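Have a look at the structure below, then the notes.
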Number of protein chains: 2
Amino acid sequence: MIKLLLAEDQGMMRGALALLLGLEEDMEVVAQVGNGDEILPTALSERPDVALLDIELPGRSGLDAAADLRAQLPECRVLILTTFGRPGYLRRAMEAGASGFLVKDGPVEDLAAAIRRALAGERVIDPALAAAALSAGPNPLTQRERDVLAAAVDGATVADIAAKVHLSPATVRNYLSAAIGKTQTRNRMEAVREARQKGWL
Amino acid sequence: MIKLLLAEDQGMMRGALALLLGLEEDMEVVAQVGNGDEILPTALSERPDVALLDIELPGRSGLDAAADLRAQLPECRVLILTTFGRPGYLRRAMEAGASGFLVKDGPVEDLAAAIRRALAGERVIDPALAAAALSAGPNPLTQRERDVLAAAVDGATVADIAAKVHLSPATVRNYLSAAIGKTQTRNRMEAVREARQKGWL
DNA sequence: AACGTGTTCTGACAAATGTCATCGACACTT
DNA sequence: AAGTGTCGATGACATTTGTCAGAACACGTT
């Protein structure tokens, strides 16, 4: 019996997947969580064979949780299941030691198959996505540039960002300028969009 | 036997829901579409009793499709199923003649129950959401203000917007200023976020 | 010790953005 | 015919944003 942990914030999606996977003869959903912070503790007590993690969760991100699991429960395989097939997400998932990366666009039938393949030691990755990840190249942004850019989402002003990151407004503008240059965009919002899209966050 | 039409762009969600609802004794999924433009033609040929529509779809929006269905297939009940419980969405869904409005956060068990209640002529709406919709008030933005604001998403410059909407750049700035005032925000991005959140689009 | 890289800051400048008063054109009321 | 309202546009203005050069400091490499 394959023991599964499911981390997904949308209740309906989580419930539907749990029911669905529970119908498989050789699978059993031993735990469901809707919050990233609960993943590690729950996994440590339930000892699943495979953890199916969404990336964008309240609390700890699925990618961070994946790294936690690799470190503290190495016999548990990690599969990332996400809405967004962003190249940078795939890259980070692989770096975090995930066994596979699935997008929610695909057919449900793939899911159980992917779980079995992951358990057999295979890597499960959409080939088109793998190509995109390679062509996107590594993240050119420094830590600070990422911080500032992340604080710039939904129209925060320079002063807002400066306060949030504890920097001088002038410095914030410099970092924004650098980020805009590196993303080849024309203003901060385009830079945010581009960095998000590439998974550089 | 209750005949269902399912419109949802995420393949995995669509497949999971179809399987799930197919398990119900009295239900049958007669059609699945992943594109808003296919909803009306498919409904006209398959004649479902209830249509379960996502709002954010490629092609025609679920809300527009709901209005189409009310006009051309009035005996078909429409249930909106969406990720975002935005007050404005609910308002527009009701205006389009939907029988119910569900958010994907809720438990799956509610779904089949909601379908049966809709078919019985009841309105199915999350009470908390209904309250939020009433408190949000009607859309204060004029058509042009909406156009301009919609064109301002993801960091378009004034010139970009002017070209897209066929207005003078100076006029665009005036509309943006008005929209910023009405949304009580400080810049165009905040205005976009706020208007989106309230469903004013 | 010299070099490169990243961080933090300043000052100066040009360009874009947000605000406001005002104007003409047009469609409605009354 | 005069009044009212909306729409699109203009010009002027202050503020914000984006760019650039430079300076000081910490950290690793070589």
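No experiment lies behind these values; they were computed from the predicted model shown. A note on names: the letters A, B, ... follow the listed sequences, proteins ahead of strands, and every chain is numbered from 1.
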*Can you tell me the distance, in whole Å, between the CG atom of A:Leu167 and the P atom of C:dT10?*
11 Å
*d(CG, A:Asn174; C1', D:dT19) in whole Å*: 9 Å
*asked:* Would you say B:Arg188 places a side-chain N or O within less than 4.0 Å of OP1 or OP2 belonging to C:dG18?
replied: yes
*Side-chain touch A:Arg186/B:Asp160, heavy atoms, less than 4.5 angstrom*: yes
*Hey, is the side chain of A:Thr157 poking within less than 4.0 Å of OP1 or OP2 on D:dT16, counting only N and O atoms?*
no
*From C:dG18, C:dT10, C:dC20, nucleotide with atom closest to A:Ala170 side chain*: C:dT10
*Any idea which of D:dG18, C:dT7, D:dC7 is nearest the A:Ser177 side chain?*
D:dG18
_Nucleotide nearest B:Leu176 when distance is taken to its side chain, options C:dG18, D:dG8, D:dG18_ = C:dG18
*asked:* With a 4.0 Å limit, can you tell me whether A:Thr142 has a side-chain N or O closer than that to the phosphate oxygens OP1/OP2 of C:dT5?
replied: no
*Could you check B:Leu5, B:Val30, B:Leu4 and say which one makes a side chain to side chain contact (heavy atoms under 4.5 Å, CB included) with B:Glu46?*
B:Val30
_Is the shortest side-chain heavy-atom distance between B:Pro41 and B:Leu44 below 4.5 Å?_
no
*Pick base, sugar-phosphate or nothing for A:Arg173, based on heavy-atom distances below 4.0 Å to the nucleic acid.*
base
*Taking only side-chain nitrogens and oxygens of A:Ser168, does any of them come within less than 4.0 Å of OP1 or OP2 of C:dT10?*
yes
*In whole Å, what is the span from the CE atom of B:Met189 to the P atom of C:dA16?*
18 Å
_Once you apply a heavy-atom cut-off of 4.0 Å, does A:Asn187 come out as touching a base, just sugar-phosphate, or nothing?_
sugar-phosphate
_I need the CG-P distance between B:Asp147 and D:dC7, as an integer number of Å._
11 Å
*In whole Å, what is the span from the CD1 atom of A:Ile180 to the P atom of C:dA14?*
19 Å
*Does C:dT8 have OP1 or OP2 sitting under 4.0 Å from an N or O in the side chain of A:Tyr175?*
yes
*Give a yes/no verdict on a cation-pi contact between B:Arg92 and B:Tyr89, requiring under 6.0 Å between NZ or CZ and the six-membered ring centre and an angle within 45° of the axis.*
no
*For A:Lys182 and C:dG6, give me the distance from atom NZ to atom C1', rounded to whole Å.*
9 Å
*B:Gln143 has an atom CD; how far is it from atom C1' of D:dG8, in whole Å?*
16 Å
*Mind checking whether A:Leu79 and A:Ile115 have side chains closer than 4.5 Å, heavy atoms only?*
yes
_Whole-Å gap separating C1' (C:dT17) and CG (B:Leu149)_ = 15 Å
_Taking any heavy-atom pair under 4.0 Å as a contact, classify A:Thr171: base, sugar-phosphate, or nothing._
base
